[in-house]
> 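Following this message is one structure expressed as structure tokens.
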2 protein chains.
Amino acid sequence: MDAQQPRWLADDEMQTWLALARVLIRLPAALDDQLQRDAGISHFEYQVLVGLSGAPERTLRMSSLAVFANGSLSRLSHVVGRMEKAGWARRTPDPTDGRYTLAILTDAGWDKLVATAPGHVEAVRALVFDPLTRAQQRQLGDIGRRISRAVDPAGSHLDELST
Amino acid sequence: MDAQQPRWLADDEMQTWLALARVLIRLPAALDDQLQRDAGISHFEYQVLVGLSGAPERTLRMSSLAVFANGSLSRLSHVVGRMEKAGWARRTPDPTDGRYTLAILTDAGWDKLVATAPGHVEAVRALVFDPLTRAQQRQLGDIGRRISRAVDPAGSHLDELST
DNA sequence: TTGGCTCGGTTGACACTTCAAGCTAGGCTG
DNA sequence: CAGCCTAGCTTGAAGTGTCAACCGAGCCAA
């Protein structure tokens, strides 16, 4: 690193940041790969399945589902469109307020999730939890919530959500 | 969560995983936004600039650069193509072995990085380091390296790299 | 030296995300 | 109750990453 190098981080911070940056890139890619390989779906689609499966009537408004799945409404609309073609979901206007659209998980969608979830959970365990001590697992939760709060002060209380 | 819900994680693990999942999605997005807004470049392009800036002669083989920037050779090729048009880099066959291509940072590219880095470092500090205690910062480094190693046992020793 | 092999790199087609514009239902204001 | 406004959602176009096929330089074996 030469003398004109723009101001950067202290050495130990740099090591931490490099490790984190690698995780930020590689971990989602690895999880996506596992889902793609074993189930032919993206992590985002998986989150949509999980979101709907945990909701009453297996039904959620598109806008709520978008928040849950951490994506834009536009992206969700495209994806649910594809999932409708696959027979995993269907859409219908909210009878109580026609401005909303309800996304509903079909039985086929439920079956898809049941078939997919164990393998994915296994991958999360293998890549995230198993390499860490119990103490580190707890630390990671706290650290994640703190960073979350810094990134998006408004939405981070959603961390308390159930599945 | 109803009784037929597919097997999932224990409650505390679930909380940790949800927090981490949020970070995995939102933190890169936030950092990308900052770079896009302030400098009009993606995080990947930024990494390319950093990689070249720290190399001898500000020059690196495409394949080494791809590893450093955590991306595929194909992606790098497209991106360096765009950066060449912007005048930030140029390419030339390696004189010592024509099979390799050398990517070289131009003065304009160097200037671009110098103009961009401080703001980006600031964002990393604000979103990652500031919300954590010193102890957590150290923990995060260790945790990151462990997960890194689990995700990609081959490449994770690169964590020891300097910029 | 010539033919085949390996591998770094490029290219073009396809898929997906994003962005901006548009549509429609319901609320609100006159 | 008529017209406007807001907001949820959809849609099509444009940009970007991925994938697979391809190209060409050097190596090696016959």
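Here is how names work: the chains are called A, B, and so on, in the same order as the sequence lines, proteins then strands, and each is numbered from 1. All of these numbers come straight from a predicted model, not from anything done at the bench.
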> When you measure from the side chain of B/Y100, which nucleotide among C/dG8, D/dC9, D/dG17 comes out closest?
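Of the candidates, C/dG8 comes closest.
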> For B/L65 and C/dT10, give me the distance from atom CG to atom C1', rounded to whole Å.
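About 15 Å, once rounded to whole Å.
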> Write down the distance between CZ (B/R61) and P (C/dT10), rounded to a whole number of angstrom.
14 Å
> Measuring only between side-chain heavy atoms, which start at C-beta, is A/H43 closer than 4.5 Å to A/Q36?
no
> Rounded to whole angstroms, how far apart are CD on B/E84 and C1' on C/dG9?
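The answer, rounded to whole Å, is 13 Å.
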> Heavy-atom nearest nucleotide on DNA chain D for B/D97 versus A/D33: which residue maps closer to 5'?
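Checking each residue's closest nucleotide, the 5'-ward one belongs to A/D33.
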> Are any of the side-chain nitrogens in A/D142 or A/R146 under 4.0 Å away from the carboxylate oxygens of its partner?
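Between A/R146 and A/D142 there is a salt bridge, with a charged N closer than 4.0 Å to a carboxylate O.
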> Using whole Å, report how far NZ of A/K85 lies from P of C/dC16.
10 Å
> To the nearest angstrom, how far is B/L73 atom CG from D/dG17 atom P?
14 Å
> For a quick check of understanding: with a heavy-atom distance under 4.0 Å over all strands, which category does A/S72 fall into, base, sugar-phosphate or nothing?
sugar-phosphate
> What's the closest nucleotide to the B/H78 side chain, out of D/dT10, C/dT11, C/dG8?
C/dT11
> Counting only side-chain N and O atoms of B/S63, is one of them less than 4.0 Å from OP1 or OP2 of C/dG9?
yes
> Which part of the nucleic acid, if any, lies within reach of B/S74 when heavy atoms closer than 4.0 Å are counted: base, sugar-phosphate only, or nothing?
base
> Could A/R138 and B/D12 be called an ion pair, given the rule that one side-chain N must be under 4.0 Å from one carboxylate O?
no
> For D/dG17 and B/R82 - does any side-chain N or O of the residue sit under 4.0 Å from the phosphate oxygens OP1/OP2?
yes
> Do B/L49 and B/T116 come close enough that some side-chain heavy atom pair is under 4.5 Å?
no
> Report the distance from atom CD1 of A/I25 to atom C1' of D/dT18, rounded to the nearest whole Å.
16 Å
> Salt-bridge test for B/R26 and A/D152: reply yes if a basic N is under 4.0 Å from a carboxylate O, no otherwise.
yes
> Rounded to whole Å, how long is the line connecting atom CZ of B/R90 with atom P of C/dG9?
16 Å
> Taking the side chain of A/T101 as its heavy atoms from C-beta onward, which of C/dG9, C/dT17, D/dC9 lies nearest to it?
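The answer is D/dC9.
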> Could you tell me how far apart A/Y46 (OH) and C/dC16 (P) are, to the nearest whole angstrom?
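Rounding to the nearest Å, OH of A/Y46 and P of C/dC16 are 20 Å apart.
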> Let me spell it out: for each of A/V79 and A/G98, pick the nucleotide of DNA chain C with the closest heavy atom. Which residue's pick is nearer the 5' end?
A/V79
> Of A/F44 and B/S77, whose closest DNA chain C nucleotide lies nearer the 5' terminus?
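Nearest nucleotide further toward 5': that of B/S77.
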> Do the side-chain N or O atoms of A/R75 get closer than 4.0 angstrom to the phosphate oxygens (OP1, OP2) of C/dC19?
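For A/R75, the contact criterion (side-chain N or O under 4.0 Å from OP1 or OP2 of C/dC19) is not met.
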> Side chain of A/R99 only, please: which of C/dT10, C/dG26, D/dT18 is the nearest?
C/dG26
